[in-house]
J.: 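Before we start, here is the structure in question, set down as structure tokens.
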Amino acid sequence: MRVEGRWHLFDDGILRPVVDTFVQTPEGTWQAAMLLLDAGADRTVFEARLLTVLQKLAVPADEAPELGGVGGKAACIFARTRLGFVRDDGQLVNVQGLFGVFTNLTSSDVSILGRDVTNNFDVVYSFPRREVMLLAPPHSYQIHLPS
């Protein structure tokens, strides 16, 4: 399985690797979401603009992990839902989990794809080739070293 990502030009003029996904709403519909590929992030966290959509799926606070980073703890809820990724054959593949949702609009203006999801894949991103891929069998990658 191969999921194609892309390099997105953000408002600050910097290209960053992203994966376009869908998040399942409480009604069972799918809402588009662009997630920044962050190899250092332990968890996937949605920007606060999705809070009103995902709040109904929130787990009780005592069942939710803490979310923190360089700036310390981040205000968030955790929602049990599914992410949908479009495979190279056009089919949607789902990853179910407990995902964070920032509760403060100033926490982040972008959703983050963390290792709770990417650990299911071989993740390849190449700035020089402008490629971003999530791979799972039967797809794989191989590195060729010069002789």
J.: Provide the closest heavy-atom pair for Leu57 versus Pro26 in the form atom of the first, atom of the second, distance.
T.: CG-CG, 3.7 Å
J.: Among the clusters formed by ILVMFWY side chains lying less than 4.5 Å apart, do Tyr125 and Ile143 turn up in the same one?
T.: no
J.: When Ile, Leu, Val, Met, Phe, Trp and Tyr are grouped by side-chain heavy atoms lying under 4.5 Å apart, directly or through other members, which residues fall in the same group as Val18?
T.: Phe10, Met34, Leu36, Val110
J.: Could you go step by step and tell me if Arg82 and Val95 meet the side chain to side chain contact (heavy atoms under 4.5 Å, CB included) rule?
T.: CA-CA 5 Å; Arg82 293 183 178 168; Val95 176; over 6 Å; no
J.: So which heavy atom on Leu50 is nearest to which on Val101, and how close?
T.: C-CG1, 4.2 Å
J.: Does anything in residues 6-18 pair up under salt bridge (charged side-chain N to carboxylate O under 4.0 Å, His left out), and if so which pairs, sequence neighbours excluded?
T.: Arg6-Asp20, Asp12-Arg16
J.: Kindly work out whether a path of hydrophobic side-chain contacts (I/L/V/M/F/W/Y, heavy atoms less than 4.5 Å apart) joins Trp30 to Leu134.
T.: no
J.: Taking atom CD of Glu4 and atom CG of Leu135, what is their separation to the nearest 0.5 Å?
T.: 8.5 Å
J.: If you count the non-hydrogen atoms of other residues, nucleotides and ligands that lie under 6.0 Å from CZ in Phe22, is the total more than 12?
T.: no
J.: Could you check whether any side-chain N or O of Asp116 sits under 3.5 Å from a backbone N or O of Thr44, counting only pairs where one atom can act as donor and the other as acceptor?
T.: yes
J.: When you compare the side chain of Ile112 with that of Leu35, does any pair of heavy atoms fall below 4.5 Å?
T.: no
J.: Do you know the tightest heavy-atom contact between Phe102 and Glu47?
T.: CD1-CA, 4.2 Å
J.: Are Phe85 and Met1 connected in the hydrophobic side-chain network, where two residues link if heavy atoms are under 4.5 Å apart?
T.: yes
J.: In Å, rounded to the nearest 0.5 Å, how long is the span from CG of Leu113 to CZ of Arg43?
T.: 13.0 Å
J.: Over all heavy atoms of both residues, which pair between Phe46 and Ser111 is shortest? Give the atoms and the distance, please.
T.: CA-OG, 3.4 Å
J.: Linking I/L/V/M/F/W/Y whenever any side-chain heavy atoms sit under 4.5 Å apart, do Met133 and Val3 land together?
T.: no
J.: Looking at Phe127, is Arg129 sitting on its ring face, NZ or CZ under 6.0 Å from the six-membered ring centre and within 45 degrees of the normal?
T.: no
J.: What are the two closest non-hydrogen atoms of Asn120 and Ala136, and how far apart are they?
T.: O-CB, 4.5 Å
J.: What's the shortest heavy-atom distance between Asn94 and Gly84, and which atoms?
T.: OD1-CA, 4.0 Å
J.: Assess whether side chain to side chain contact (heavy atoms under 4.5 Å, CB included) is satisfied between Leu37 and Thr118, documenting all intermediate values.
T.: CA-CA 9 Å; Leu37 186 58; Thr118 61; 3.8 Å; yes
J.: Side-chain heavy atoms nearer than 4.5 Å, only ILVMFWY residues, links allowed to pass through others: does that put Val19 and Tyr141 together?
T.: no
J.: Name all residues meeting the salt bridge (Lys or Arg N to Asp or Glu O under 4.0 Å) criterion together with Arg87; count only those two or more places apart in sequence or in a different chain, and write none if there are none.
T.: Asp89
J.: Does Arg49 use its side chain to pair, donor to acceptor, with the backbone of Asp109 at less than 3.5 Å?
T.: yes
J.: If you measure from NE2 on His8 to CG on Leu15, what distance do you get to the nearest 0.5 Å?
T.: 9.0 Å
J.: How far does NZ of Lys56 sit from OG1 of Thr81, to the nearest 0.5 angstrom?
T.: 13.0 Å
J.: Indicate yes or no for a side-chain donor-acceptor contact from Thr21 to the backbone of Leu83 under 3.5 Å, with no hydrogens or angles considered.
T.: no
J.: Is Arg115 reaching over with its side chain to a backbone N or O of Asp38, donor-acceptor style, under 3.5 angstrom?
T.: no
J.: Would you say Glu27 and Thr25 are linked by a side-chain donor-acceptor pair, where the criterion is simply a distance under 3.5 Å?
T.: yes
